[in-house]
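First the structure, in the form of structure tokens, and then the observations on it.
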2 protein chains.
Amino acid sequence: MTTYREHLKEQLQDQQFQKAWEETELAYQVARAVIKLRLDYGLTQEELARKTGVPQSVISRLESGRHLPSLRSLEKISKKLGLQIRLDFIPTQAQPRLN
Amino acid sequence: MTTYREHLKEQLQDQQFQKAWEETELAYQVARAVIKLRLDYGLTQEELARKTGVPQSVISRLESGRHLPSLRSLEKISKKLGLQIRLDFIPTQAQPRLN
DNA sequence: TATAAATATAGCAATTTTGCTATAAACAGT
DNA sequence: ACTGTTTATAGCAAAATTGCTATATTTATA
């Protein structure tokens with residue numbers, strides 16, 4: 001394979017990777033937030049499911065980052081724990097510490 | 001109508017109102033955030049639409065709080081403006097100032 | 001009040017997420 | 001290895017959101 005084609009391929013893969021990453025990035029961010037939330041409360045997925053009415057399969061799917069959850073689901077989960085969702089837009093890059 | 005029935009009715013209305021409110025509350029919260037975002041940038045819906053690729057009709061629907069937008073839509077909007085979404089769970093009531 | 005600009009709404013197909021039930025796979029403790 | 005517990009996956013119908021085009025309504029301004 002020519003160097004050119006190799007380079008092209010790499011670029012393509014990078015782009016594909018880039019795109020794939022961007023598409024899953026937010027899902028993972030949310031996933032981590034939910035996992036942290038659940039663990040902070042010392043709950044299993046099943047327990048969180050019972051407490052919030054959101055089925056375990058949905059919680060797992062969400063925590064696995066298999067797709068972007070709806071705000072409705074996140075709201076259901078947080079409300080029953082006495083929490084609310086804070087959502088805002090912040091400058092890119094700045095990953096402010098949560099604590 | 002008896003006092004009892006009146007009371008029942010009021011309660012029902014309260015519950016219905018409560019429920020309706022809770023269902024739209026988050027949508028309005030998000031709506032306000034997007035409106036603020038857009039105005040901070042001094043853009044019309046049409047301009048924001050062009051800049052982000054999210055159609056004006058969708059932006060209007062969202063800003064009107066007609067339903068809860070997907071995180072994907074919010075992401076599209078924010079990314080093109082060099083922003084990212086911050087989402088976390090905070091204790092209920094605490095309405096922390098954004099500035 | 002006429003006109004233009006901005007925003008809201010309508011209706012509908014396509015896409016995405018949910019909710020369900022069941023089961024598989026991973027993990028922990030003995 | 002065996003058992004129980006926890007998490008991940010599958011597949012599919014129902015529900016919700018998007019994206020589109022067109023149009024109505026509201027708002028601002030001359």
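What you see below is based on every heavy atom in this structure, not just the backbone, and it leaves out hydrogens, waters and symmetry mates. Chain identifiers are assigned alphabetically (A, B, ...) following the order of the sequence lines, protein sequences preceding nucleic acid strands; residue numbering begins at 1 within each chain. Since this is a predicted model, take the numbers as computed values, not measurements.
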Looking across every strand, which nucleic acid part, if any, lies under 4.0 Å from [X] by heavy atom: base, sugar-phosphate, or nothing?
{"X": "Leu68(A)", "answer": "sugar-phosphate"}
{"X": "Thr44(B)", "answer": "sugar-phosphate"}
{"X": "Ser70(A)", "answer": "sugar-phosphate"}
{"X": "Ser73(B)", "answer": "sugar-phosphate"}
{"X": "Arg72(A)", "answer": "nothing"}

Value in whole Å for how far the [atom2] atom of [N] lies from [atom1] of [X]:
{"X": "His67(B)", "N": "dT15(C)", "atom1": "NE2", "atom2": "C1'", "value": "13 Å"}
{"X": "Leu62(B)", "N": "dT9(C)", "atom1": "CG", "atom2": "P", "value": "13 Å"}
{"X": "Glu46(B)", "N": "dA4(C)", "atom1": "CD", "atom2": "C1'", "value": "14 Å"}
{"X": "Ile35(B)", "N": "dA8(C)", "atom1": "CD1", "atom2": "C1'", "value": "12 Å"}
{"X": "Leu71(B)", "N": "dT18(C)", "atom1": "CG", "atom2": "C1'", "value": "15 Å"}
{"X": "Arg61(A)", "N": "dT16(C)", "atom1": "CZ", "atom2": "P", "value": "14 Å"}
{"X": "Glu75(B)", "N": "dT16(C)", "atom1": "CD", "atom2": "P", "value": "14 Å"}
{"X": "Ile77(A)", "N": "dT18(C)", "atom1": "CD1", "atom2": "C1'", "value": "12 Å"}

Bounds of contact between DNA chain D and chain B, in 5' to 3' order, using a heavy-atom cut-off under 4.0 Å: dT17(D) to dT21(D)
Donor-acceptor contact below 3.5 Å, side chain Gln29(B) vs main chain Ile85(A):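 Such a contact is found between Gln29(B) side chain and Ile85(A) backbone.
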About how many Å separate [atom2] of [Y] and [atom1] of [X], when rounded to the nearest 0.5 Å?
{"X": "Ile77(A)", "Y": "Leu83(A)", "atom1": "CD1", "atom2": "CG", "value": "11.0 Å"}
{"X": "Ser60(B)", "Y": "Arg66(B)", "atom1": "OG", "atom2": "CZ", "value": "6.5 Å"}
{"X": "Leu26(B)", "Y": "Gln84(A)", "atom1": "CG", "atom2": "CD", "value": "9.5 Å"}
{"X": "Gln56(A)", "Y": "Gln45(A)", "atom1": "CD", "atom2": "CD", "value": "5.0 Å"}

Presence of Lys76(A) side-chain N/O under 4.0 Å of dT17(C) phosphate oxygens OP1/OP2: no
Whichever of Ser57(B) and Gly53(A) has its nearest DNA chain C nucleotide further upstream toward 5': Ser57(B)
Using a 3.5 Å cut-off and no angle test, enumerate the donor-acceptor pairs between side-chain atoms of residues 48-55 of chain B and protein atoms at least two apart in sequence or in another chain.
{"from": "Arg50(B)", "atom 1": "NH1", "to": "Glu46(B)", "atom 2": "OE2", "distance (Å)": "3.4"}
{"from": "Thr52(B)", "atom 1": "OG1", "to": "Leu48(B)", "atom 2": "O", "distance (Å)": "2.8"}
{"from": "Thr52(B)", "atom 1": "OG1", "to": "Val54(B)", "atom 2": "N", "distance (Å)": "3.2"}

Side-chain donor/acceptor of Glu63(B) to base of dA8(C), under 3.5 Å: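 Result: no qualifying N/O pair found.
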Salt bridge (Lys or Arg N to Asp or Glu O under 4.0 Å), paired with Asp88(B), selected from Arg32(A), Arg86(A), Lys36(A):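 One option only clears the test, and that one is Arg86(A).
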Listed nucleotide nearest any side-chain atom of Arg66(B), set dT17(C), dT9(C), dG19(C): dT9(C)
